[in-house]
Amino acid sequence: MILSDIVICGGALSGLTAALALQKLNMKILIIDPLTIEEIIKKDKRTTAIAAGPGKFYLEKGVWQLLEGKAESINKINIKDGNSGFQLDFDYNEIKESLRSKLVTNLGYVVENSHLLQSINNIIKNNGKKTPVKRIKAKVISIEKKEEDLAKIKLDNGKIVLASLIIAADGRNSVIRKMSGIEEKKLDYEQYAFVCQIQHKNFHQNIALEKFLPGGPLAILPMIKNEKSYRSSIIWSDNKEVSMGRFNSARHDPKRIAYELERHSFEWLGRIESLSSSAVYPLQLIRAKNVVAERFVLIGDAAHGLHPIAGQGFNLTIRDIKIFTELCKKRVLLGLDIGSEKFLKDYEKIRRADILGLVLATHSLNKLFSIKKSPIKLFRKVGMSAIQKSPYIKRIFMKYAMGL
Amino acid sequence: MHTDTTDKKEIKLFNQLSSNWWNENGEMSILHSMSEARMNYIRNILIKYFSIKSNSLKVLKGLKILDVGCGGGISSEPFARMGAKVTGIDLSSELIRVAKQHSRKMNLNIEYLHRNIKTIVDENKKYDVVVALELLEHVNNLSNFCELLGRCVHSKGLIILSTINKTALSHLLVIKLAEDVFNKLPRGTHNFKKFIKPEGLSEIFKRSGFEIKNLKGISWFPLNRWVLTNNTSVNYICSFVRS
């Protein structure tokens, strides 16, 4: 029997970040994951865009300092509507003066998950001299909750863990969410995202592109240069057939896809020399009907899986974690139980508007830009030009996107 | 003189409530939701009074606390989590059983005893802090009870009490509304005659050489939230030290 204050199910990006934040509460924390951290680091080929706000959180924790030379900053975001040529620019220099925090030096970062995971893990280990975070490689078989008791977790290695609080951070298709009996709402976008890395001739000038094409949005994010060449990360949404087609040609006929991408990026990236790490996955909107239950809290994609259109998913996760930690700290200082349902319901109330707001915003943004009717096209054009022309409105949008 | 401070009828009532003591949504929901405000007060007053470094997470480490009328342990457990060495006493054997069982489940080390305060005094046990939370309104012979509380505390120690004021408003809210209309509290839990004003309490403690150090109100705000205020007209919490 293992006794722990907090058990985090899922030891990837969200779970590790939660452990890092909660470490300061000086409680017993246990991470349970079927994979070791080394296995996760090896497997995860994705990149994550981290807006300036959440980036600040990592900076304060010391994670960012370890990523020196491994993360690329975004200084300018270029938003384009279809092929109309109409565009909107978000430039860090335009907002610099109005920022209160000196720590925010760009609009956001792009980092490979493997590096980020490695750094967070190193910081947790380093803090661990005072408050160790344990990790067990195991699968959760069942969770039992009896009224007023600690939660009881059975593992596939036969061990039993007792905990005051279980954090489910095991992603969109959270198994723990299902075990907790929390229902979810799902919406298939009938869109798939094709992702890959491109190596190109020119420096990307720290520009990120978000281009709303008739089939779906294309995002090109600047990555840090490796020994050989300049790199960018691609996230391209379209219907299933097209996305699968792109994925197949990335593997069998990379020149074709490179050529297709060059049409949108040649002016500043130049020739695309090669492609790597391609993948394709269905886009789904998932929102858990509740983010808490007795002795339970869902964090990250387990609570809300968004459309990647505005790159807001991870910002939301970091806000979950920051706010939850702050509320927990208040509780812990007063010696109160952090698994109390009433307390968790309070947290849920506080988070509801933010989560629901972003779910709806990203959802409608995708809708808005996939409509081909001309009145809507005109509306988009007017809207974008209004934002472009008003520095005030633009700053509001930028700050929101930056997670500040 | 009649010195027994226990009310047998009350004990019977609390025995009946014991099975649902830790259910935050049950009959004891108000006690649970008040916990945060009470603990806030107690933590701050103890930090100040004993000059404790407030950034520590186990702020009460090294303090011996006697929780008189501990019930199922709603306050004893937080004290223990904050690092204090806690003894909880209660006259309801059922509640002591519930308290023991719950603390074991929560993996907390608390001494729970089915004793009355008189026995503790007779055994000559002394504590740094003696608390009696939401209890005074349930005892008989209040002045005798308060004197006994005073005899359990170290010379440099502190007594912390929370109870219900004797005002028209408290009568309306606690008895008329909470018990009779909304059934927020089990009917018959409170007897208005037993409520006491802070001034009355000060007067009683003066006789055994204690003076009031600090007084705060605990008020209810919509959405089931209790906060510390300066309005003591219904619920209040206060500390006494030797003069």
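Residue numbers start from 1 in every chain, and the chains themselves are labelled A, B, ... in the order their sequence lines are given, proteins ahead of strands.
Around the NZ atom of A/Lys154, the shell of radius 6.0 Å holds no more than 12 heavy atoms that belong to other residues, nucleotides or ligands. Heavy atoms from other residues, nucleotides or ligands lying under 6.0 Å from CD of A/Gln65 number more than 12. For A/Lys178, the NZ atom is densely surrounded, since the number of other residues' heavy atoms within 6.0 Å is greater than 12. Crowding of B/Asn109 atom CG: a count of heavy atoms from other residues, nucleotides or ligands under 6.0 Å not exceeding 12. Other residues, nucleotides and ligands contribute over 12 non-hydrogen atoms within 6.0 Å of the CG atom of A/Asn157. Crowding of A/Lys125 atom NZ: a count of heavy atoms from other residues, nucleotides or ligands under 6.0 Å not exceeding 12.
Note: B/Glu24 leads B/Lys58, B/Glu24, B/Met82, B/Met39 in heavy-atom pairs under 4.5 Å with chain A. Considering only heavy-atom pairs separated by less than 4.5 Å from chain A, the leading option among B/Glu36, B/Glu77, B/His32, B/Arg81 is B/Arg81.
Heavy atoms of A/Ser340 lying under 4.5 Å from chain B belong to its backbone as well as its side chain. There is no contact between A/Lys345 and chain B, counting heavy-atom distances below 4.5 Å. Residue A/Leu336 touches chain B through both its backbone and its side chain, counting heavy-atom pairs closer than 4.5 Å.
Two residues are said to be in side-chain contact when any heavy atoms from C-beta on lie closer than 4.5 Å; A/Lys342 and B/Ser29 meet this criterion.
With rounding to the nearest 0.5 Å, the separation of CZ in B/Phe79 from CG in A/Leu334 is 10.5 Å. B/Asn107 contributes atom CG, which lies 8.0 Å from atom CG of A/Leu150 (distance to the nearest 0.5 angstrom).
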